[in-house]
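Report on the structure given below.
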Number of protein chains: 2
Amino acid sequence: MTVSRVINRSGAISRETRERVEAAIAELGYVPNTLARSLRMKATQTLALVVSDITNPFFTTLARGVQDAARAEGFNVIFCNTDESETEQAEQLVALVQKRVDGVLLVPAASSAEPVAYLKRHKIPVVVLDRRVEDCLVDSVRCDSELGAYQLTRLLLDLGHRRIAMLSGPATVSTAVDRVAGYRRALTEAGLEVVAGLIFHGAYSPIGGRQMAQAALACTRRPTAFFAANNFIAIGAYQQLREAGLRVPEDVSMATFDEMPLTTLIEPFFTVVAQPAYEMGQRAMQLLLARLTNTAVGECQEVILPFDLIVRRSTGPVPAA
Amino acid sequence: MTVSRVINRSGAISRETRERVEAAIAELGYVPNTLARSLRMKATQTLALVVSDITNPFFTTLARGVQDAARAEGFNVIFCNTDESETEQAEQLVALVQKRVDGVLLVPAASSAEPVAYLKRHKIPVVVLDRRVEDCLVDSVRCDSELGAYQLTRLLLDLGHRRIAMLSGPATVSTAVDRVAGYRRALTEAGLEVVAGLIFHGAYSPIGGRQMAQAALACTRRPTAFFAANNFIAIGAYQQLREAGLRVPEDVSMATFDEMPLTTLIEPFFTVVAQPAYEMGQRAMQLLLARLTNTAVGECQEVILPFDLIVRRSTGPVPAA
DNA sequence: CTGTTAGCGCATTCAA
DNA sequence: TTGAATGCGCTAACAG
């Protein structure tokens, strides 16, 4: 139809017909069908963001960054949760391929490169966010978890702590692994022995945090500091410590990765490595859009964003024995 | 093709051909195209949730409820933010119609019934969530804001407060209006005069909260209690009070609507009317799905869910003058 | 049980 | 400047 030309401003149209068409559109309440358009164009103008849990403030902030950047270019974004499960993730990716999304931002549930390969096989551009995957031929945006953990551990060491429990995430997730690595490096450099019994892996969730804190408290010599690998672990661990009658920071110190926005506003408490979630989302989306529009983008990029180490009230000196 | 029958398990197929087809599918990495399917079927198996800000924990929790319920029935959900703007909302709805979503869950940016009518005109079922709209012929799920506000105000009155500042949301939003109404009723029933100068309307955001708190503090006789209409307002107001050198609850009391999940876990502080966000999302989705599948659902339903009034540390008696 | 025909609503290509 | 034919990938309805 000529209608198509009017709607898309493609081709030349006499003013008269255009007005006639526009009038008809208004009168009939006609709304073009994106499905048909996408089918024909082989492009959906839709991108996806796959995260573990859209309930985590770190990811919601990231999501806003993603969405704002996408909106600016006229793209829609679909959000998916994997709940940190590789099977869930695989299902989600299949669904996204079925929908023929133009690109995917992926916070991988594990470090396997298979999901990335899967998308590439279907010619869907991917940007890996927040975490590493084994294979390296992907665009990616993240912070340096190893360095962050190193600095946070240094901070605790400088305060005099020697028995620092590391409450990390799933051993399959790169951030969890890297944060343990940074922790180890700091200890080793300080000439201290790394005690395997003080390193824990669990879910990136309040429950995971509780369980790990409980296990850590069961050690013969109680740790004087707790390093939580993310905000949810910190929360759970904190609750567990309180229930065990311990005060933070008087009895034990705590430090963690990731801000907890509302908490921070009300009563800034946790000493954290604050990652720039919004910017991470934005940058990742920009990278993806560049792949989609620019033909010549060259090799894959690896963007490492800086973080802030913010010292607050949850850390203090080792209490007198 | 026969392929379609294999994939959809429709019609009868010999085991041999089925296996042959399945083998080919696996080998080629074939993934069916949802766009084409939806175009043909005139159904997308996709629903939408439109909220003001997906960053607000109240809405993320609600979103999880929505999504979990949808997933259970094989539906996908698209999330949209309106940032409390009617124009944004209108744009989002057009986009959703273009995408031919099968249904919409709407947290309306204003109480105008026009957006609902628009969707109905396009034969898209709607469930209105959390807020009222003027016209009533829609399914809806929410809590009784008037009652919640009434009880919260009563609580403050019982503690002896007489000058209670009401920091509410936009006057165009039903929850903001209803919460003011509940506040007024409590005062009136207690035989107190409602001071117009103590009722404020602003954005449902930390900034809004700050501004209203500032204005309230400028009153000749300072309020002894602050009633925030939602969590974001509470945060902003709290910050403003702190900066003014006031302690909560020693100098002033605060009460609010909506939990702040992480905050609550760490250091339960605010006295709140806690709405069951997750259930609200779930119920709304169930209602929508009923409309979509069941043909005979009868009249529109209005589900009012109960809330919890939780008393915590942010409220206390009026300090001695 | 399997294949064929047709059309969902759009945009590209070519003709008028 | 406009219209007609064609096909994107799928499924419903019918034939074989």
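Worth knowing before you read on, the calculation uses all heavy atoms, side chains too, and leaves out hydrogens, waters and symmetry mates. Here is how names work: the chains are called A, B, and so on, in the same order as the sequence lines, proteins then strands, and each is numbered from 1.
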Inset, instruction - Tell me whether the OP1 or OP2 atom of dC10(C) has a side-chain N or O from Ser38(A) closer than 4.0 Å. - result: no

Legend entry - Given DNA chain C, 5'-ward residue of the pair Ile7(A) and Met41(B), judged by closest heavy atom: Met41(B)

Legend entry - Identified side chain to side chain donor-acceptor pair (under 3.5 Å) partner of Tyr204(B) from the options Thr175(B), Asn230(B), Asp258(B): Thr175(B)

Inset, instruction - Answer yes or no: is there an ion pair linking Arg20(A) with Glu27(A), defined by an N-O contact shorter than 4.0 Å? - result: no

Inset, instruction - Take atom CZ of Arg37(A) and atom P of dC10(C), then tell me their distance rounded to the nearest Å. - result: 10 Å

Legend entry - Rounded interatomic separation in angstrom, taking CG from Leu35(B) and C1' from dC8(C): 13 Å

Legend entry - Between P of dC8(D) and CG of Asn33(B), the distance in whole Å: 12 Å

Inset, instruction - Let me know the distance between CD of Gln98(A) and P of dT11(D), rounded to the nearest Å. - result: 11 Å

Inset, instruction - With the side chain of Thr17(A) defined as its heavy atoms from C-beta on, choose the nearest nucleotide among dG9(D), dA11(C), dT2(D). - result: dT2(D)

Inset, instruction - Considering just the side-chain nitrogens and oxygens of Asn8(B), establish if one lies under 4.0 Å of OP1 or OP2 belonging to dT11(D). - result: yes

Inset, instruction - Could you state the atom-to-atom distance from CZ of Arg5(B) to P of dG3(C) in whole Å? - result: 8 Å

Legend entry - Of the listed nucleotides dT2(D), dT2(C), dC10(D), the one nearest the side chain of Ile13(B): dT2(C)

Inset, instruction - Could you say whether Thr34(A) or Arg15(B) is positioned toward the 5' end of DNA chain C, judged by the nucleotide with the nearest heavy atom to each? - result: Arg15(B)

Inset, instruction - Could you grab the distance from atom OG of Ser112(A) to atom OH of Tyr118(A), nearest 0.5 Å is fine? - result: 14.0 Å

Inset, instruction - Measure from CZ on Arg40(B) to P on dT5(C) and round the result to the nearest Å. - result: 16 Å

Inset, instruction - Please state how far atom CD in Gln45(A) lies from atom C1' in dA11(C), giving the value in whole angstrom units. - result: 14 Å

Inset, instruction - Look at the side-chain N and O atoms of Ser4(B) and state whether any lies under 4.0 Å from the OP1 or OP2 oxygen of dC10(D). - result: no

Inset, instruction - Look up atom CG in Leu305(B) and atom CZ in Arg283(B), then write down how far apart they are to the nearest 0.5 Å. - result: 5.5 Å

Legend entry - Phosphate OP1/OP2 of dG9(C): any Lys42(B) side-chain N/O under 4.0 Å: yes

Legend entry - Asp83(B)/Arg64(A) ion pair, N-O < 4.0 Å: yes

Inset, instruction - Would you mind reading off the distance between Glu16(A) atom CD and dT2(D) atom P, rounded to a whole angstrom? - result: 8 Å

Legend entry - Closest nucleotide among dT1(D), dC10(D), dT2(C) to the Ser14(B) side chain: dT2(C)

